Structure formats: C-alpha cells, structure tokens
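Here is the structure we will look at.
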Amino acid sequence: MKVLNFGSLNLDYVYSVDHMVAPGETLTSAERNVFCGGKGLNQSIALAKAGADVYHAGQIGPEGQMLLDAMEEQGVKTHWVRKTEVPTGHAVIQVDKSGQNCILLYGGANRALTAEYIDQVLADFASGDMLLLQNEVNMLDYIIDTAYERGMTVVLNPSPFDSGLESCDLSKVSLFLLNEVEGAQLAGGSEPEEILKALREKYPDAKAVLTLGSEGSVYQYGDYTVWQSIYKVDAVDTTAAGDTFTGYFLAAVLEGQDVDKALDLAARASAIAVTRNGAAPSVPLRSEVEKYQFSL
Ligand code: RIB
C-alpha cells in the first residue's frame, strides 16, 4: 500500500511580534525568518520523519526549489511534484510571545492544479492506497471523487475550513483529522461530545480524530472512542503542531500500531514541535520523539 499526500507547499515568512497586528495598526517585528511550510509539505515531512514511506504531489513555482529539497532530504518521494510558472504558494505568519500564530495564505501554484495533472498523478495509485488531503489546494472535490473511484482510502484534514469544502462529497472520506473549530464547522456542536456526535451522525462510516488543544485529542469510530491527553511543554511556536500530529498518527497506524499508541506518539511529537520555531523544521525525528523526556 502506498501513501500519497496531494497537498500544498508554501514558503512561510514568519514574523516574531509582540502581539498580533490589529486593524489599522502598523507594527514592527523583532525578526523575520523564511521556513518551508504548507500543510501538505509539513504533513509529508512528519510522515517521513515518523518512518512512513510517503509520496507527495502538488505544485511549486520557479522559487520553490527549497521546498522540494527539504522534502527530498527527509526521504519524501517527490517525483510527482510539478514545477510551474505560477508563483510558489506562501504564508505570512505572525508568531507572538506566547507562541500563538496568525496565518495569511497566498495559494499561488497550490491553487493552479488541473484535472489533467490530477489524473496523471492518481493513475499511479490503486485500490487500497491511501490519499491524504488538506484544504489548501484547488479541485479538492475532483481529487476526492477520482481517488474514491480508484478505490483509494481518502483521509482528510479539512484545514483551513472554508466554503471550498461544500462542493466536496465528504461521504467518500474514511478518516477525518480535524480540530474542534473545524469539527464544529463541518458537523455542528460546540462541546467535544456534541461535535463527536454530530460527526458520527453526519459521516457514520468515517473514523475521526478530533484535536482539542490543551484538552488533548480523541479518536472515534462509531461508538468506540479513545481519549489522549497532551504533553505539557513551554510553547515557542505552535505552527505545524497539528500537521506533526497528523503525520505521526497516520505513520503509526500504517505500521499497525493500535489507536491508543498512535495517539500517544502523535501527542508526543506535536508537543516537541511547539518547542521549536518554524513549520517543517519544527517536526521532530522519530528517534527524538522516542527518547524525549517530558516533565510531569
Ligand atoms: O499548518 C501550518 C501551515 O499552514 C504553515 O506552514 C503555512 O504554510 C500554512 O499552510
């Protein structure tokens, strides 16, 4: 079974700020760094660092070579990444003193996918292969339909949540990985139990992993649930913590681990990620996750 991640690749321009800039305010940042990012790229790198064999598809522009290099360095298979003349996607990210972030996206090449390219990529994958998606590329509805017809298992992180998801047939999704805001937007409810119930009712055949910030995370399949708490750390930058969680959870499941073990590994990896700056560079290696000592 192969794992294909069809997702975004962004250059992240990260500004360290005292507080998030307010409407009408001009604010000087203390520092600017450029990191590899994009939910797609981050999740592929997390899968690879966790030890999974992952293929990435998506598009970059002329200035996107560093994104390709970063994935290849970690062993992600990039044969299907297409170079275009459309500018590489980027994100303008403010990170405040508590490590919280604000992200402004420019889709660029990520949002210039064509049916022809999608068909070419998916033709290389078959029944039983896994397809991982986020919501930072265009034609998500077409990718889901085509992959489903080919018998692929569709896994969706519906992030960022927007109206583009309305055209997607989400009954074709086998596993949702989402936070509580996205869960509420997708299915309804406000408290975790309500969101889980709403997800269960709306997508009865799908599994779900709902992340709950400081409350941890929960896996649900029908009436079966597994709860996981967080590992407490001092946050420096929360960017890509969710992507790290997604990549590590899927990698553990793919290698046959039980859900409780997979959630625990993902919680450890994402906790380490928030102690580091940047998106992709903050994703820890499996060996680091396994030996990291968390204080109680
Ligand atoms: O999830 C974090 C990512 O969101 C960043 O790397 C940024 O590029 C946006 O896609």
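Counting starts at 1 for both ligands and their atoms, in listed order. In this text the structure is predicted, and so the values were computed from the model without any measurement.
Using cut-offs of 30° and 60° on the angle between ring planes, the pair His90 and Tyr13 is perpendicular.
Heavy atoms of other residues, nucleotides or ligands lying less than 6.0 angstrom from NZ of Lys197 number 12 at most.
In this view, Gln220 and Arg200 satisfy the side-chain hydrogen bond (donor to acceptor under 3.5 Å, both in side chains) rule, not counting sequence neighbours.
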Which donor-acceptor pairs under 3.5 Å do side chains of residues 31-56 form with protein atoms, sequence neighbours excluded?
from, atom 1, to, atom 2, distance (Å)
Glu31, OE2, Asn33, ND2, 3.2
Asn42, OD1, Ala280, N, 3.4
Asn42, ND2, Gly38, O, 3.1
Asn42, ND2, Asp243, OD2, 2.9
Gln43, OE1, Gln134, NE2, 2.9
Gln43, NE2, Asn157, OD1, 2.9
Gln43, NE2, Asp243, OD1, 2.9
Ser44, OG, Asn5, ND2, 2.9
Ser44, OG, His56, ND1, 2.7
Lys49, NZ, Val283, O, 2.7
Asp53, OD1, Lys77, NZ, 2.5
Asp53, OD2, Lys77, NZ, 3.4
His56, NE2, Gly7, O, 3.0

Going through the checks in order, is the ring pair (Phe, Tyr, Trp, His ring centres under 6.0 Å) test met by Tyr292 and Phe294? CA-CA 6 Å; Tyr292 198 92; Phe294 291 94; 4.7 Å; yes
Please give the N or O to N or O pairs under 3.5 Å between ligand 1 and the protein, distances rounded to 0.1 Å.
from, atom 1, to, atom 2, distance (Å)
ligand 1, 1 (O), Lys39, NZ, 2.8
ligand 1, 1 (O), Asp243, OD2, 2.7
ligand 1, 4 (O), Lys39, NZ, 3.1
ligand 1, 6 (O), Asp12, OD2, 2.6
ligand 1, 6 (O), Gly38, N, 3.0
ligand 1, 6 (O), Asn42, ND2, 3.1
ligand 1, 8 (O), Asn10, ND2, 3.0
ligand 1, 8 (O), Asp12, OD1, 2.6
ligand 1, 8 (O), Gly38, N, 2.9
ligand 1, 10 (O), Asn10, ND2, 3.2
ligand 1, 10 (O), Lys39, N, 3.3
ligand 1, 10 (O), Glu136, OE1, 2.9
ligand 1, 10 (O), Glu136, OE2, 2.7

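Identified under the salt bridge (charged side-chain N to carboxylate O under 4.0 Å, His left out) test for residues 90-115, with sequence neighbours left out: Asp18-Lys97.
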